[in-house]
Amino acid sequence: LKASQVRRPLGYRTAGAPALRVVASFRRVSRALSYMALGRNASWVEPYLESPWVKLAAAVAPDFPSPDSATSSATWRRFLEGCVGGATAPLVLGFAVAIAVLVRSCVCHRLQAHSRPRSKPLVRVSRLALLLTLAGMIVFFSVGRHGMLMAITKLGEAADDASSAESAGVAVAANTVRIADSLVALSPTCPIVVQEQLAGVRRQLVAATTAIHAFNAHAAEARSKLHSAHSAASSARTAALLGLALPSIFVLACCFVIVSLVRMTERRRPRSGCCNHSIVRGLSVFLFVPTIILVALATSGEVFLTFTTGSFCKGVDTNVLTYTHHFAGDFAYNATRYYITGQGSNPLWVDLRDANASLAEVGRVVAVVKPGGKGGCDAQGAFDSITQELGEAGESINAAASILSPEHVYSYYRIAVHEEMCSTFISTIAWLLLPQFLLGIIVLPTLACMANSFYEHWAASCEEARASLAHDRPSHPCHHSSAAAV
């Protein structure tokens with residue numbers, strides 16, 4: 001802004017280059033804020049491509065409420081009921097399988113066995129289940145841990161940015177207070193005409209203070225929510241990973257116990273097979289059946305998460321706006337719509353723009369007052385203080401505007417929602433869900449039944465061996481010890 005373009009009150013001279021540079025800075029920021037507040041250019045928006053897991057989950061899940069029907073609570077209730085209904089299928093199947101395993105372990109079959117049963121099928125299936133469970137857990141922990149760390153890191157960065165924006169707003173508010181104090185010291189030294197203009201400056205300063213306080217309130221609310229979410233996610237990270245992997249850990253323990261018992265029976269203590277039969281029946285009641293029920297409960301919860309997330313991620317941008325409009329209020333909805341789609345106005349930018357415009361008007365009037373000149377004000381210190389505070393306020397507004405730029409904020413949304421929630425999270429849950437369901441509700445019950453059958457045949461072979469030895473030489477005392485050894 002050239003000095004010749006500044007409107008001067010009659011009879012007063014300009015205050016010099018520093019004040020003019022402050023005015024020019026405010027004008028440039030005002031133009032940028034006015035342009036960005038209206039969302040005319042949405043070049044920062046990137047298209048979202050649905051992953052295969054999202055397409056599969058959305059195909060079987062109920063549709064997410066549309067923007068037109070989202071105002072009704074009944075629509076959200078039907079959506080949740082549909083997701084819960086789909087998640088009850090693995091729960092019912094798991095309980096049915098657990099009851100079948102319990103009945104099978106409690107019913108004792110009398111078998112005629114002429115030779116010891118072969119353990120190779122049981123051991124091979126158990127080892128295969130062990131390997132699959134370990135592989136699934138390794139993939140889950142590696143992928144899930146990376147995705148969770150990324151989400152927590154971005155939450156922390158967003159919380160820090162909100163704190164920085166709030167700090168910038170607080171600094172601007174402090175600048176306005178000091179400018180007001182300097183105006184009080186400057187006004188008595190000025191002629192009446194200038195005092196009237198400075199009264200208008202004080203009104204502009206009040207408007208700037210009101211706008212910046214509104215901005216600070218919204219920034220403080222955002223900072224508080226982001227910090228709370230970051231703290232909760234950081235504290236629950238390990239517990240969430242272990243909680244999701246707990247059913248797989250129990251399946252792993254069951255497979256390891258079965259393999260250990262069979263190997264101990266065959267290699268180290270052959271006569272322990274008869275005793276191990278009772279142990280396996282007890283394990284079926286107190287370990288295998290509870291594990292199957294735990295897997296069924298976990299699978300049901302994971303199916304519910306997959307359904308809700310898959311339905312939400314199908315058209316995720318529209319669904320985010322629908323959810324925000326219904327649950328977060330108009331201010332959050334307008335800000336979210338601006339950052340995601342570039343449409344409408346950004347209320348945060350509007351607050352900054354209003355504060356900047358009022359401070360620019362303050363700078364315009366102050367810039368044409370020359371302390372010490374003829375007919376001018378006679379308070380050089382107050383004038384220098386106002387110029388300095390205006391410069392610092394402009395720098396703070398620039399800093400806040402940079403933090404809240406759509407390109408910067410949208411990068412958090414793209415990483416948190418597009419990449420982590422709708423890609424990494426749902427694929428991690430899906431890769432955990434499928435092996436967990438197959439191993440916990442199909443393979444583990446099969447292993448439990450195979451183990452019971454194996455030891456039933458083993459017990460029958462032991463009884464037949466005892467009977468044979470007793471029938472051949474019943475009178476010799478060593479025969480009893482030989483039969484006991486068998």
Side-chain angles (χ1 to χ4, degrees), residues 33 36-37 39 44-46 48 144-173 211-241 305 308-309 312-313 316-317 319-342 344-352 355 396-425:
L33 289 172
M36 302 180 87
W44 64 86
V45 177
E46 298 181 9
Y48 166 66
R145 180 176 176 275
H146 175 268
M148 190 166 289
L149 281 176
M150 179 63 70
I152 291 174
T153 301
K154 291 302 176 182
L155 267 177
E157 291 177 1
D160 293 340
D161 283 346
S163 297
S164 299
E166 182 187 9
S167 299
V170 170
V172 174
I212 206 64
H213 282 167
F215 171 81
N216 290 342
H218 296 309
E221 182 181 2
R223 184 258 309 156
S224 176
K225 291 182 178 179
L226 288 171
H227 273 299
S228 299
H230 179 258
S231 300
S234 299
S235 59
R237 179 184 63 186
T238 304
L241 289 175
L305 279 177
T308 53
T309 308
F312 178 78
C313 290
V316 62
D317 293 343
N319 293 333
V320 167
L321 293 177
T322 301
Y323 182 87
T324 306
H325 196 198
H326 185 72
F327 292 102
D330 292 337
F331 182 89
Y333 170 72
N334 290 331
T336 304
R337 181 179 60 173
Y338 170 80
Y339 282 118
I340 293 178
T341 65
S345 61
N346 185 0
L348 293 172
W349 283 103
V350 170
D351 292 335
L352 279 181
S396 299
I397 290 177
N398 272 327
S402 177
I403 293 171
L404 298 176
S405 65
E407 293 83 4
H408 185 68
V409 175
Y410 188 83
S411 66
Y412 289 131
Y413 172 79
R414 176 179 53 79
I415 294 174
V417 178
H418 288 183
E419 297 180 6
E420 297 302 326
M421 180 179 180
C422 292
S423 181
T424 303
F425 174 77

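When all heavy atoms of S423 and E419 are compared, the closest pair comes out as CB-O, 2.9 Å. Taking all atoms of both residues into account, the shortest heavy-atom contact from L155 to A233 is CD1-CB, 4.3 Å. Closest heavy-atom contact between G344 and Y338: O-CD1, 4.1 Å. Considering every non-hydrogen atom in both A211 and A355, the closest pair reads CB-N, 3.7 Å. Heavy-atom minimum distance, L348 versus F331: CD2-CZ, 3.7 Å. Here the closest non-hydrogen pair linking S396 and V172 is CB-CG2, 3.4 Å.
No donor-acceptor distance shorter than 3.5 angstrom exists from the side chain of S402 to the backbone of N398, with no hydrogens or angles considered. One N or O on the side chain of N216 and one on the backbone of G169 form a donor-acceptor pair closer than 3.5 Å. Under the 3.5 Å distance criterion, the side-chain polar atoms of S224 are left unmatched by any main-chain donor or acceptor of A220. In this structure a side-chain-to-backbone donor-acceptor pair under 3.5 Å is present from S411 to H408.
By the 4.5 Å heavy-atom criterion applied to side chains, T341 and D317 are not counted as neighbours. Considering only heavy atoms from C-beta on, L404 comes within 4.5 Å of F215 through its side chain. Looking at heavy atoms from C-beta onward, Y412 lies out of side-chain contact with V417 at the 4.5 angstrom threshold.
Residues passing the side-chain contact (heavy atoms from CB on, under 4.5 Å) test with Y323 are W76, F327, sequence neighbours excluded. Residues forming a ring-ring contact (aromatic ring centres under 6.0 Å, His included) with H325 (at least two apart in sequence, or on another chain): Y333. Listed by chain and residue number, L305, T309, I429 satisfy the side-chain contact (heavy atoms from CB on, under 4.5 Å) test with F425 (two or more places apart in sequence, or in another chain). Residues that satisfy the side-chain contact (heavy atoms from CB on, under 4.5 Å) test with A399, not counting sequence neighbours, are absent from this structure.
Within the structure, the salt bridge (charged side-chain N to carboxylate O under 4.0 Å, His left out) test picks out the following pairs touching residues 151-170 (sequence neighbours left out): K154-E157, E166-R223. Sorted by first and then second residue, the salt bridge (charged side-chain N to carboxylate O under 4.0 Å, His left out) pairs involving residues 212-222 (not counting sequence neighbours) are E221-K225.
Remark: N334 CG to T324 OG1 distance equals 11.0 Å, nearest 0.5 Å. Note that the OH atom of Y410 and the NE2 atom of H418 stand 4.5 Å from one another [nearest 0.5 Å].
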